[in-house]
Amino acid sequence: MVHQTMPSKITKASKASSKIRPMTVSLLLRVSMALIVGTLAACSSGPRVPPASTSPGGPSTSFPTGAVIDTAPLGPPSLRAKSRWLPVRWAELPGFDDDALHEAWNAWLRNCERPHAALAGLCKDVRRLSIASPAEQRHWLQTQLQPYRVESLDGRSEGMLTSYYEPEMVGSRVRTAEFNIPLYRTPQSLGTRKPWYTRQQIETLPEAQAALAGREIAWLNDPVEALVLHIQGSGRLRITEPDGSVRQIRLAYAGTNDQPYKSVGRWLLDRGLITDASWPGISAWIAANPGRVQEMLWSNPRYVFFKEEPLEGLDAAFGPKGAQGVPLTPGRSIAVDRGSIPYGTPVWLYSKGMEVEYKRLVMAQDTGSAIVGAVRADYFMGWGKSAGDLAGRIKQPLRLWALWPKGLPVPQQ
């Protein structure tokens, strides 16, 4: 899921919490855990360390608990293309003893569908620990993994956290007087010219429109909603079919026109049209200036194309697939700069803003065009209006710790 960052500004969040409603999917997931464990693809290699003991009746769920002695000598920093990893003690991780780790395990199980080679050996234990107690999960983490403080190459350990989400919208399979804003599949001629037509050209040039004829997946009734979908990169659509039936589908990212992304919030700020670049501030300007909305939309030349995916059963409890190739877990998946943190890496995240504070285990499973730098992450909030309202307000300090198997070198690329 390749996405851009919405214009945001921290404001008072009336429902701010480290456990917001959009990410409360753990009950459904725990009920379905037997299905998940049985169907997730098996890792290609065995565990790096001896697994927990088994019994005639099957795998034992009795993993060790209790304090782990953390006094081994710490090695030197490890360098990646865009970051430096400094080994630290587990005690440095804020809130490590308090996190609801079973929520993160849902994301880790997804990691094991396409694991990083160095992490694949942990997957057998990860699956069995999915029904373990928090104390057992915590003990296993401390036994198997080494925390590394992620820093910039010049030693800065504080960066920035933003957030993204999956919008929910209403659409039509056929064009009507009300639903007349198209959402397109990738055009067949996309690779014939780079970059392809700009947003304005796509909407005005006959040759661009001819190239997209018949490529419509669905139609929306609001061009601003279409822009939001393009910015987030994926969305859930409640769609009316030609026969009048209604069902829910996902529109997933399929590609872009290779034009640069330009923030509509920055365009408005630069012209002195707004002083509040949060999405509520932009929405207020749109409501007051309907005659200039098209001009604002065309200020962003990037255009996103989609593919349709089913959205039913267990798939509805997860987000779209991220750049790692696995579905995102609300509140437990982040987008990172791959030059700083490899996909599939377990990461301890700490971020405190005006009212929102996160101290939790997350998985690096996605990327984004605006997510650049060593200590930089975009937090997947979930889907729907409440997730979007909170995601648009998140822009706050961030610290990250990568968790890597003990005894294995940090990958350089």
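Values below: all heavy atoms of this structure, side chains included; hydrogens, waters and symmetry mates excluded. Treat the numbers as computed from the prediction; the structure is a model and nothing was measured.
Here the rule is side chain to side chain contact (heavy atoms under 4.5 Å, CB included) with Leu145, and of Trp348, Trp404, Trp90 only Trp90 fits it. Applying the salt bridge (charged side-chain N to carboxylate O under 4.0 Å, His left out) test between Glu151 and each of Arg84, Lys82, Arg80 identifies Arg84 as the sole match.
For residues 289-314, the set of pairs meeting the ring pair (Phe, Tyr, Trp, His ring centres under 6.0 Å) definition, not counting sequence neighbours, comprises Trp196-Phe305, His230-Tyr303, His230-Phe306, Tyr303-Phe305.
Residues Gln396 and Ser351 bring a donor and an acceptor atom of their side chains to less than 3.5 Å of each other. Counting only N and O atoms by type, the side chains of Asp378 and Thr162 include a donor and acceptor under 3.5 Å apart. In this structure, a donor-acceptor pair under 3.5 Å is absent between the side chains of Glu207 and Gln201.
Aromatic ring centres of Trp108 and Trp140: separated by under 6.0 Å. Between Phe380 and Tyr165, the distance separating the two ring centers is not shorter than 6.0 angstrom.
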Report, one line per pair, each donor and acceptor closer than 3.5 Å where one atom sits in a side chain of residues 307-316; sequence neighbours left out.
residue: Glu308; atom: OE1; partner: Arg173; partner atom: NH1; Å: 2.8
residue: Glu308; atom: OE2; partner: Arg173; partner atom: NH2; Å: 3.2
residue: Glu308; atom: OE2; partner: Arg247; partner atom: NH2; Å: 3.2

Distance-only donor-acceptor hits, side chain of residues 177-188, under 3.5 Å, sequence neighbours excluded:
residue: Glu178; atom: OE2; partner: Asn221; partner atom: ND2; Å: 3.2
residue: Asn180; atom: ND2; partner: Ala177; partner atom: O; Å: 3.4
residue: Arg185; atom: NH1; partner: Glu216; partner atom: O; Å: 3.2

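For Asp270 and Lys262, the salt-bridge test fails: no basic side-chain N is under 4.0 Å from an acidic carboxylate O. A salt bridge does not link Asp389 to Arg393: none of the charged side-chain nitrogens sits closer than 4.0 Å to a carboxylate oxygen. The existence of a salt bridge linking Glu103 and Arg332 is confirmed by a sub-4.0 Å separation between a basic side-chain nitrogen and an acidic carboxylate oxygen.
In this structure the side chain of Thr345 never reaches within 4.5 angstrom of the side chain of Met363, judged on heavy atoms. The closest side-chain heavy-atom distance from Lys395 to Leu161 is not below 4.5 Å. In this structure, Trp105 and Asn111 have side chains that are not in contact, with every pair of non-hydrogen atoms separated by 4.5 Å or more.
Taking a 6.0 Å sphere around CZ of Arg238, one finds it holds 12 or fewer heavy atoms contributed by other residues, nucleotides or ligands. Other residues, nucleotides and ligands contribute at most 12 non-hydrogen atoms within 6.0 Å of the CZ atom of Arg156.
Among residues two or more places apart in sequence or in another chain, the side chain to side chain contact (heavy atoms under 4.5 Å, CB included) test is passed with Lys352 by Tyr350, Glu357. Here Ala135 pairs with Thr65, Ser133 under the side chain to side chain contact (heavy atoms under 4.5 Å, CB included) rule; sequence neighbours left out. Considering only residues two or more places apart in sequence or on other chains, Trp401 meets the side chain to side chain donor-acceptor pair (under 3.5 Å) condition with Glu92.
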